[in-house]
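Structure, as structure tokens:
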Amino acid sequence: METRLARKEAAVRASVRALGRVVVAFSGGVDSATLAALAHDELGADALAVTAASPSLSARELRGARALASSRGWNHVLVRTGEMERDEYARNEPDRCYWCKTELFEVLAPLARARDATVLVGTNADDRGDFRPGQAAGREHGARTPLADAGLTKADVRALARRLGLDVADKPASPCLASRIAYGVRVTPERLRRVERAEEAVRSLGFEILRVRDHGELARIEVPPADIARAASAYARLSDALLALGFRYVTLDLAGFRSGSMNEVLPGPVLRASGPDQGVEIGAP
């Protein structure tokens with residue numbers, strides 16, 4: 001496995017070197033952090049890590065991204081994105097991520113042009129088999145995916161991150177806050193802040209892997225199956241904390257944590273959700 005991983009790493013490094021100047025969309029997660037690390041190793045100041053700050057990025061994630069970039073000495077900037085002003089995003093249909101990424105790439109484009117650089121994103125090979133409408137936006141805007149192109153799976157990325165000494169190597173995945181909101185429930189800054197505060201309340205009770213799913217009046221807590229009994233024993237504190245944030249009902253999902261559980265309501269057959277001049281594939285979650 002080590003030799004296979006080394007070959008994949010070499011392929012990523014070679015593709016980054018060939019580009020010469022890059023702008024890396026850096027959220028602070030393990031995929032984008034690993035890509036940013038490799039880009040800065042290969043290109044130094046010709047690599048720019050860019051973190052998009054918006055209400056959909058939690059304060060915890062923003063702090064982590066800034067701290068990691070600073071500790072590694074990366075060329076790093078924050079930009080503001082305005083996806084909240086896009087009705088296509090705020091109405092929260094299954095193509096929400098397409099409009100979020102469209103906004104991101106439109107903000108990154110002037111930075112890339114000014115540097116004569118190529119935009120890179122941390123998509124890994126496993127992501128290509130998942131429901132990821134944002135990937136269509138990346139293709140339309142010419143963003144490159146060196147990790148996926150080299151065949152790096154999520155497990156590969158984590159192993160490589162450990163080899164690079166990145167402290168996010170074992171960090172649990174943490175998609176944007178909007179991914180916690182049920183399709184059809186409008187995304188607002190207030191609702192995003194409520195989700196963020198709800199997850200911090202659950203985290204404060206000692207749970208590391210969790211989601212609080214917002215179904216309007218109902219909050220659905222997900223923790224790993226091994227933690228369900230412990231969460232149930234803390235039901236009074238969990239319920240009080242989330243009711244105080246404005247939820248009317250609080251429930252613990254007995255199926256346990258699973259990434260992308262909001263997509264379970266989507267139809268199994270592949271559909272086509274149309275946006276201007278593009279199709280977004282909706283497959284089985």
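If you read the sequence from its start, that first residue is 1, and numbering goes on from there.
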**Fill in**
Tightest non-hydrogen contact, residues V168 and G28, listed as CG1-O, 4.0 Å
Cut-off 3.5 Å, no hydrogens considered: what does the side-chain donor-acceptor table look like for residues 247-258, sequence neighbours left out?
{"from": "D253", "atom 1": "OD1", "to": "A255", "atom 2": "N", "distance (Å)": "2.9"}
{"from": "D253", "atom 1": "OD1", "to": "R258", "atom 2": "NH1", "distance (Å)": "3.4"}
{"from": "D253", "atom 1": "OD2", "to": "R220", "atom 2": "NH1", "distance (Å)": "2.8"}
{"from": "D253", "atom 1": "OD2", "to": "R258", "atom 2": "NH1", "distance (Å)": "2.9"}
{"from": "D253", "atom 1": "OD2", "to": "R258", "atom 2": "NH2", "distance (Å)": "3.2"}
{"from": "R258", "atom 1": "NE", "to": "E264", "atom 2": "OE2", "distance (Å)": "2.8"}
{"from": "R258", "atom 1": "NH1", "to": "G256", "atom 2": "O", "distance (Å)": "2.7"}
{"from": "R258", "atom 1": "NH2", "to": "E264", "atom 2": "OE1", "distance (Å)": "3.1"}

**Prompt:** Which value, rounded to the nearest 0.5 Å, describes the distance between R86 atom CZ and C100 atom SG?
**Reply:** 9.5 Å
**Minimum heavy-atom distance between L152 and N124, given as atom pair plus value** = O-CB, 3.3 Å
**Request:** Quick one: which residue pairs count as a salt bridge (Lys or Arg N to Asp or Glu O under 4.0 Å) with a foot in residues 226-236, not counting sequence neighbours?
**Result:** D227-R230
**Request:** Using side chain to side chain donor-acceptor pair (under 3.5 Å) as the criterion, list what pairs up with S54, not counting sequence neighbours.
**Result:** S56, E83
**Request:** Search all heavy atoms of A150 against all heavy atoms of K8 and return the closest pair with its distance.
**Result:** O-CG, 3.4 Å
**Prompt:** About how many Å separate CD of Q135 and OG1 of T123, when rounded to the nearest 0.5 Å?
**Reply:** 5.0 Å
**Asked** Can you tell me how far the CG atom of D156 sits from the CG atom of L160, to the nearest 0.5 Å?
**Response** 8.5 Å
**Request:** Please check if the side chain of D240 supplies one atom and the backbone of R237 the other of a donor-acceptor pair under 3.5 Å.
**Result:** no
**Item:** Contacts of D167 that satisfy side chain to side chain contact (heavy atoms under 4.5 Å, CB included) - sequence neighbours left out
**Value:** L68
**Shortest non-hydrogen separation from G122 to D127 and the atoms involved** = O-OD2, 4.4 Å
**Message:** Checking salt bridge (Lys or Arg N to Asp or Glu O under 4.0 Å) between D214 and each of R191, R197, R186, which is the one that passes?
**Reply:** R191
**Message:** Test of understanding: with side chain to side chain contact (heavy atoms under 4.5 Å, CB included), list the residues that count as partners of V79, not counting sequence neighbours.
**Reply:** V50, A52, V107, L111
**Asked** Taking the side chain from R158 and the backbone from A169, do they hold a donor-acceptor pair closer than 3.5 Å?
**Response** yes
Show which side-chain atoms of residues 202-211 pair as donor or acceptor with protein atoms under 3.5 Å away, not counting sequence neighbours.
{"from": "R203", "atom 1": "NH1", "to": "E200", "atom 2": "OE2", "distance (Å)": "2.9"}
{"from": "S204", "atom 1": "OG", "to": "A201", "atom 2": "O", "distance (Å)": "2.6"}
{"from": "R211", "atom 1": "NH2", "to": "A173", "atom 2": "O", "distance (Å)": "3.0"}

**Same apolar cluster (I L V M F W Y, side chains within < 4.5 Å links), L177/V212** = no
**Request:** Is it possible for you to say whether L43 and L108 belong to one hydrophobic cluster, with membership spreading through side-chain heavy-atom contacts below 4.5 Å?
**Result:** no
**Asked** With a 4.5 Å limit on heavy-atom distance, are the side chains of E9 and V12 in contact?
**Response** no
**Complete:** Rounded to the nearest 0.5 angstrom, the CG-OG distance for L38 and S15 is 9.0 Å
**Asked** Distance-only, no hydrogens or angles: does the E196 side chain make a donor-acceptor pair with backbone N or O of A59 under 3.5 Å?
**Response** yes
**Asked** In terms of hydrophobic clustering (I, L, V, M, F, W, Y; side-chain heavy atoms under 4.5 Å; direct or indirect links), are I181 and L242 co-clustered?
**Response** no
**Message:** Suppose we screen for side chain to side chain contact (heavy atoms under 4.5 Å, CB included). Which residues come up paired with R7, at least two apart in sequence or across chains?
**Reply:** T3, R4
**Transitive ILVMFWY side-chain link F105 to M84, under 4.5 Å** = no
**Message:** What I'd like to find out is whether the side chain of T81 reaches to under 4.5 Å of the side chain of E106, using heavy atoms alone.
**Reply:** no
**Message:** Please determine whether a side-chain nitrogen of the Lys or Arg among E199 and R60 lies less than 4.0 Å from a carboxylate oxygen of the Asp or Glu.
**Reply:** no
**Item:** Over 12 foreign heavy atoms within 6.0 Å of CZ, R144
**Value:** no
**Prompt:** Ignoring hydrogens and geometry, is there a side-chain-to-backbone donor-acceptor pair from D126 to T153 under 3.5 Å?
**Reply:** no
**Message:** Please evaluate residues Y98 and E140 with respect to the criterion side chain to side chain contact (heavy atoms under 4.5 Å, CB included), reporting the C-alpha separation (whole Å), side-chain torsions for both, the decisive distance (0.1 Å), and the verdict.
**Reply:** CA-CA 11 Å; Y98 170 82; E140 290 170 11; 2.8 Å; yes
**Prompt:** What pairs of residues pass the salt bridge (Lys or Arg N to Asp or Glu O under 4.0 Å) test when at least one of them lies in residues 64-77, not counting sequence neighbours?
**Reply:** none
Solution key, residues 18-27 side-chain donor-acceptor pairs under 3.5 Å, sequence neighbours excluded:
{"from": "S27", "atom 1": "OG", "to": "G29", "atom 2": "N", "distance (Å)": "3.3"}
{"from": "S27", "atom 1": "OG", "to": "S32", "atom 2": "OG", "distance (Å)": "3.3"}

**Request:** Kindly compute the distance separating OG1 (T145) from CG (L35), expressed to the nearest 0.5 Å.
**Result:** 9.5 Å
**Message:** Test your reading of the model: is there a side-chain donor-acceptor pair from S70 to the backbone of A67, 3.5 Å cut-off?
**Reply:** no
**Prompt:** Among all residues two or more places apart in sequence or in another chain, which pass the side chain to side chain donor-acceptor pair (under 3.5 Å) test with D46?
**Reply:** none
**Message:** The criterion is side chain to side chain contact (heavy atoms under 4.5 Å, CB included); which residues satisfy it with N75, sequence neighbours excluded?
**Reply:** H40, L48, R115
**Item:** Carboxylate-amine/guanidinium proximity below 4.0 Å for R194 and E190
**Value:** no
**Item:** Under 4.5 Å side-chain linkage, directly or through intermediates, the cluster mates of L57
**Value:** L62, L78
**Fill in**
Heavy atoms of V121 and P146 approach each other most closely as O-CD, 4.0 Å
**Request:** Answer yes or no: is there a donor N or O on one side and an acceptor on the other, between the side chain of D31 and the main chain of K154, under 3.5 Å?
**Result:** no
**Message:** Is there a continuous path of hydrophobic side-chain contacts, each under 4.5 Å between heavy atoms, that joins V185 to W99?
**Reply:** yes
